[in-house]
Amino acid sequence: MSDYLDELYSTPLTNAVINECHTRLNTDDTVLWTEAGLLLDNMGFLRPSNTGAAGYPEGEDMMKEDLISNGLVWILSKIVNFISSGDNVHLTDNRTVPGPLGVTQQVLLERWYRLESELDAWYNGVPDTFKPCARIDSSRLTHHRPPAENEDISTLQEIWFSLPMCASTMQHYHMARILLLINKPHETTSRRSTITLRLQSYRSIEAEIAFHSREIVGIGLSRPDGSVRINSLQPLFVSGQCLTDPRERRTTVRLLRSIESDLGWATEYRVQQLLKEWGWNESSIRSPGS
């Protein structure tokens, strides 16, 4: 699992994300993952790689960028399995469904918070190479895009990274955040809250999802390497399902279609799925005045 960009789209994770099923790798087998090079602390969290004086992974007790990226693959696999497990209860099964409902819900919520903590620990422990080296207001870069496209990207930034692998990893980090937020279990009914507080919670989650969606698109706008663009298919598709601004939706479609036109990697099936979910047709993709 050393070459992140080459391996990501042939891993069980990608198959599981696309087909909405469990990964084939056992995410609970920590021996498997530590033998692959991941460094874990006593809590089973990934150890930080930014504790050196320079803020970069240095020494044998630090994971390099490829292993840090594979650490995210491990956590994202856990998130996908968590989501998939909620869809695998069949009334015809002979197995006893865990209950009562309130206890089951609390267990799910505890698992969700554990995954959130693991993702937090990963993000807080990454070195500076996983942080953008530049953020550029896209509306200022008008020389290489038609006017209609410039209007569509007016709410977005180009987000640049020094290493292609880190750009791809961060797109998947933001996708992991979106998947986790969307699939947060409801609080148990034993903990009452007002309608106003619940609405505030939902709106906060919606704002977070919009932020992470724009980050994914912003990384795609920075014209990254072909390997990054191919790996961006699923993050762009997830963000496209969350974005509501027509300009940002059109930009997402353009990014997806450019992957197929420039690199030959099939993306049109995802574009058509987005158009169907949005209730759009081809004429909706054209910007006003284009």
Side-chain angles (χ1 to χ4, degrees), residues 8 13-14 16-21 72-73 75-84 86-87 112 115-116 119-120 122-123 132 135 138 149 151-159 167-186 198-222 224 228-260 267-281 284-285 287:
L8 181 59
L13 168 62
T14 304
V17 172
I18 292 175
N19 295 295
E20 299 179 355
C21 62
L72 179 67
V73 171
I75 298 172
L76 184 51
S77 297
K78 291 184 180 184
I79 293 172
V80 171
N81 288 346
F82 171 77
I83 296 168
S84 176
D87 298 327
W112 188 93
L115 289 170
E116 183 185 47
L119 198 54
D120 286 343
W122 180 88
Y123 180 74
R135 287 179 177 270
S138 294
E149 292 186 25
E151 172 60 27
D152 283 346
I153 63 174
S154 60
T155 63
L156 300 164
Q157 294 179 318
E158 290 186 2
I159 304 173
S168 181
T169 300
M170 292 312 297
Q171 279 194 319
H172 284 80
Y173 162 76
H174 292 296
M175 181 178 74
R177 285 290 187 191
I178 292 171
L179 293 175
L180 200 57
L181 286 165
I182 289 176
N183 290 279
K184 182 177 182 179
H186 294 293
R198 285 183 178 269
L199 281 174
Q200 289 175 347
S201 176
Y202 295 149
R203 288 166 182 159
S204 174
I205 289 175
E206 186 177 14
E208 286 186 66
I209 289 172
F211 166 77
H212 292 295
S213 298
R214 293 188 183 105
E215 292 289 288
I216 290 171
V217 177
I219 296 171
L221 285 171
S222 67
V228 178
R229 295 174 67 193
I230 288 175
N231 282 292
S232 71
L233 169 57
Q234 197 61 28
L236 284 171
F237 175 67
V238 170
S239 65
Q241 292 177 94
C242 302
L243 295 169
T244 58
D245 189 314
R247 296 169 297 179
E248 295 167 354
R249 286 180 170 182
R250 287 193 291 264
T251 298
T252 303
V253 168
R254 290 191 186 102
L255 287 173
L256 285 169
R257 283 184 164 166
S258 69
I259 295 170
E260 182 162 338
T267 61
E268 186 61 25
Y269 74 104
R270 284 306 197 192
V271 170
Q272 293 304 317
Q273 192 171 349
L274 285 175
L275 295 180
K276 182 178 179 180
E277 292 186 9
W278 297 339
W280 280 23
N281 53 34
S284 304
I285 301 175
S287 304

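From a predicted model like this one, the values you see are computed outputs, not experimental measurements.
Across every non-hydrogen atom of Arg250 and Ile285, the tightest pair is CD-O, 2.5 Å. Of all non-hydrogen atoms in Pro224 and Gly220, the two that sit nearest each other are CD-O, 3.6 Å. Residues Gly240 and Leu274 share a closest heavy-atom pair of C-CD2, 3.7 Å.
A side-chain donor-acceptor contact under 3.5 Å links Ser232 to the backbone of Arg229. With Ser213 contributing its side chain and Ile209 its backbone, the two residues share a donor-acceptor pair below 3.5 Å. A donor-acceptor pair is defined here as one N or O able to donate and one able to accept, closer than 3.5 Å; no such pair exists between the side chain of Trp112 and the backbone of Pro185. In this structure a side-chain-to-backbone donor-acceptor pair under 3.5 Å is missing from Glu248 to Ile153. When atom types are taken as modelled, the side chain of Ser222 and the backbone of Ile159 share a donor-acceptor pair closer than 3.5 angstrom.
Within the model, atoms CZ of Arg270 and OG1 of Thr252 stand 14.0 Å from one another, a figure rounded to the nearest 0.5 Å. The CG atom of Leu275 sits 8.0 Å away from the CH2 atom of Trp280 when rounded to the nearest 0.5 Å. Distance check: Thr251 OG1 to Leu256 CG gives 11.0 Å after rounding to the nearest 0.5 Å. Atom CD1 of Ile219 sits about 11.5 Å away from atom CG of Leu255, to the nearest 0.5 Å. In this structure, CG in Leu119 is found 8.5 Å from CG in Leu115, a value given to the nearest 0.5 Å. Atoms CG and CD, on Asn231 and Gln171 in that order, are 8.5 Å from each other to the nearest 0.5 Å.
The side-chain contact (heavy atoms from CB on, under 4.5 Å) check on Gln200 picks up Thr196, Leu197, with sequence neighbours excluded. Under the side-chain contact (heavy atoms from CB on, under 4.5 Å) criterion, Ser204 pairs with Glu208, sequence neighbours left out. In this structure Glu215 satisfies the side-chain hydrogen bond (donor to acceptor under 3.5 Å, both in side chains) test together with Arg135, sequence neighbours excluded. Applying the side-chain hydrogen bond (donor to acceptor under 3.5 Å, both in side chains) rule to Asp120 yields the partners Arg177; only residues at least two apart in sequence or on another chain are considered. Applying the ring-ring contact (aromatic ring centres under 6.0 Å, His included) criterion to Phe211, with sequence neighbours excluded, gives no partner residue. For Arg249, there are no salt bridge (Lys or Arg N to Asp or Glu O under 4.0 Å) partners, not counting sequence neighbours.
When side chains are defined from C-beta on, Ile216 counts as touching Ile178, because their heavy atoms get closer than 4.5 Å. Residues Cys242 and Ile182 have side chains in contact (heavy-atom distance under 4.5 Å, counting atoms from C-beta outward). Using a 4.5 Å heavy-atom threshold, the side chains of Leu221 and Gln157 count as separate. The shortest distance between side-chain heavy atoms of Val238 and His172 does not fall below 4.5 Å.
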Discussion item. Walk me through whether Thr169 and Trp122 qualify under side chain to side chain contact (heavy atoms under 4.5 Å, CB included).
Written reply: CA-CA 12 Å; Thr169 300; Trp122 180 88; 3.7 Å; yes

Discussion item. Apply side chain to side chain contact (heavy atoms under 4.5 Å, CB included) to residues Tyr269 and Glu260 and explain how you reach the verdict.
Written reply: CA-CA 11 Å; Tyr269 74 104; Glu260 182 162 338; over 6 Å; no

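Asn281 and Ser284 share a donor-acceptor pair across their side chains, judged by distance under 3.5 Å alone. A side-chain donor from one of Arg247 and Ser154 sits under 3.5 Å from a side-chain acceptor of the other.
In this pair, Tyr173 and Tyr123 present their aromatic rings parallel. The plane angle is below 30°, not in the 30 to 60° band.
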